[in-house]
2 protein chains.
Amino acid sequence: MRNAEETKERILEAALEEFSSYGIAGARVDRIAKNAGCNKNLIYVYFENKETLFTTVLRKHLTRVYEEISFTPEDLPGYAAKVFDWAMTHPHIVRLMSWYSLEQKMDNITERTTARDKKIKAIMEAQKDGLVGTTFTPGFLLTAIMALATAWTPTHPFGPSHDPDAVKIPKETRDAIAKAISLIAKGEES
Amino acid sequence: MRNAEETKERILEAALEEFSSYGIAGARVDRIAKNAGCNKNLIYVYFENKETLFTTVLRKHLTRVYEEISFTPEDLPGYAAKVFDWAMTHPHIVRLMSWYSLEQKMDNITERTTARDKKIKAIMEAQKDGLVGTTFTPGFLLTAIMALATAWTPTHPFGPSHDPDAVKIPKETRDAIAKAISLIAKGEES
DNA sequence: ATGATGTAAACAACCAGTTAGTTATATCCT
DNA sequence: AGGATATAACTAACTGGTTGTTTACATCAT
């Protein structure tokens, strides 16, 4: 019963649930402690603040995502499908990212920007090699992929509420997204 | 100085700013009263409480949007461009919608669902008339349009942070979005 | 003078963060 | 081995400030 690492993990789990549901401002430290089955003070011992607890949770899951989802510039539709699958199976983390981008004070997490730069460069090279069309810029393509892949997440402002039936048939939606990205990545003329 | 309608309006203005910046949980009623230049109690006299004040602000601007942006099922790229322009010039309201979809207790505003149903039906008819391709369902097309059109908003989790240069050249981004929607709406085969 | 409009103060609940103290467990000494 | 001791893990209770909401009172227009 007296295991610091285990309690830290329980706190992080409860914090994910709490922050995902209520955001930073809406989250309650007492509730996190209760759901983690530990004393409130331990949260302040192991993690500095409410805010650093949040960023700790976010960073932890973000790095896990970067490891799980490999970027394939030569197969952008497949990448979009992978991101879609991940977003649909990990709605908590998508919510976490949404909260962060709204409540943020504009200090970006370094991991994200470096990961983004890598992808941009990879798309540029794929374009040079003729694997991806040059109708759109790498930045546009990447943003379009992420926007489409996460659009059907329960949290999205224009998501399931605009396409309620899609939630029941995720496979069809995934294929449609891949298809759409395929069209954009080729970028044929009209 | 003694004009109820005027003070109501000042409260709604200050509330928009406050809720857009901090969300429902993060917003402070004292700050709204201060920025509206009125007594805190008036907020409770004219609007029930914090939450109904929020929904009042949201509803007000949503109906305005529905009036301003006309839906053109025969020209989906043009509609996407219009939505993009609106999103870029009204970031507060986009943020308001984002907050709402995150903090929501899943009770949808009726105006939104009816407006959505109308658009879906319009796209269906456009497909029957051969004005829009049938590769994708109307719900998918509508969601894709909204997702792409709002993806470069400052608040989007994968927005400007994934495509920083796009913010400086909104016209190019708008045209790229229209082009992308054009490709999807045609839905040519590979 | 009466209802609409506005003000100041208070209130009760809440909440992030702290303090002081307790228990378990590992380490050291003999 | 076994008792003293130090330390890591944990707890209960408190603090000081904040916050949504209410109450009691003042002032203006008609």
Practice problem: Using a 4.0 Å heavy-atom cut-off across all strands, classify A:Ala25 as base, sugar-phosphate, or nothing. | Solution: nothing
Quiz item: Nearest to the side chain of B:Val29, which nucleotide is it out of D:dT11, D:dG20, C:dA16?
Solution: D:dG20
Quiz item: Tell me: CD of A:Glu51 to C1' of C:dG17, nearest whole Å?
Solution: 14 Å
Quiz prompt | d(CD1, A:Ile43; P, C:dC15) in whole Å | solution = 14 Å
Quiz item: Could one point to a donor on the side chain of B:Lys40 or the base of D:dT21 with an acceptor on the other under 3.5 Å away?
Solution: yes
Quiz item: Just how far, in rounded Å, is C1' of C:dA4 from NZ of B:Lys8?
Solution: 11 Å
Quiz item: Separation of B:Phe54 atom CZ from D:dT21 atom P, in whole Å?
Solution: 15 Å
Practice problem: Fit a plane to each ring of B:Phe19 and B:Phe54, take the angle between them on a 0 to 90° scale, and name the class: parallel (under 30°), tilted (30 to 60°) or perpendicular (over 60°). | Solution: perpendicular
Quiz prompt | Between C:dG17 (C1') and A:Ile32 (CD1): distance, integer Å | solution = 14 Å
Quiz item: Of B:Glu5 and A:Glu48, whose closest DNA chain C nucleotide lies nearer the 5' terminus?
Solution: B:Glu5
Self-check item: Atom-to-atom span, CZ of B:Phe47 to C1' of D:dT21 - whole angstrom
Solution: 16 Å
Self-check item: B:Arg31 NZ/CZ over B:Tyr22 ring centroid, <6.0 Å and within 45° of normal
Solution: yes
Quiz prompt | Atom-to-atom span, OH of B:Tyr22 to P of D:dT18 - whole angstrom | solution = 15 Å
Quiz item: Side-chain N or O of A:Asn49 less than 4.0 angstrom from OP1 or OP2 on C:dA16?
Solution: no
Quiz item: Rounded to the Å, how far apart are A:Lys50 NZ and C:dC14 P?
Solution: 15 Å
Quiz item: Under the 3.5 Å rule, do the base of C:dA8 and the side chain of B:Asn39 count as making a donor-acceptor pair?
Solution: yes
Practice problem: Kindly say if A:Thr7 contacts the phosphate of D:dA9, meaning a side-chain N or O under 4.0 Å from OP1 or OP2. | Solution: no
Exercise. Go through C:dA16, D:dT19, C:dT7 for me and flag the one nearest to the A:Asp30 side chain.
Key: C:dA16
Quiz item: So, B:Thr134 and B:Lys128: side-chain donor and acceptor under 3.5 Å apart, yes or no?
Solution: no
Quiz item: When only distance counts, do a donor and an acceptor, one from the side chain of A:Arg2 and one from the base of C:dT23, lie under 3.5 Å apart?
Solution: yes
Quiz item: Which distance, rounded to the nearest 0.5 Å, do you find between the NE2 of A:His92 and the OG1 of A:Thr155?
Solution: 12.0 Å
Quiz item: Looking at A:Tyr44, does any N or O in its side chain come under 4.0 Å of the phosphate oxygens OP1/OP2 on C:dT19?
Solution: no
Quiz item: Relative to the ring of A:Phe140, is the ring of B:Trp152 parallel (under 30°), tilted (30 to 60°) or perpendicular (over 60°)?
Solution: parallel
Quiz item: OP1 or OP2 of C:dA16 less than 4.0 angstrom from a side-chain nitrogen or oxygen of A:Arg28, does that happen here?
Solution: yes
Practice problem: Answer with yes or no whether A:Asn41 presents, from its side chain, a donor or acceptor under 3.5 Å of a partner atom in the base of D:dT11. | Solution: yes
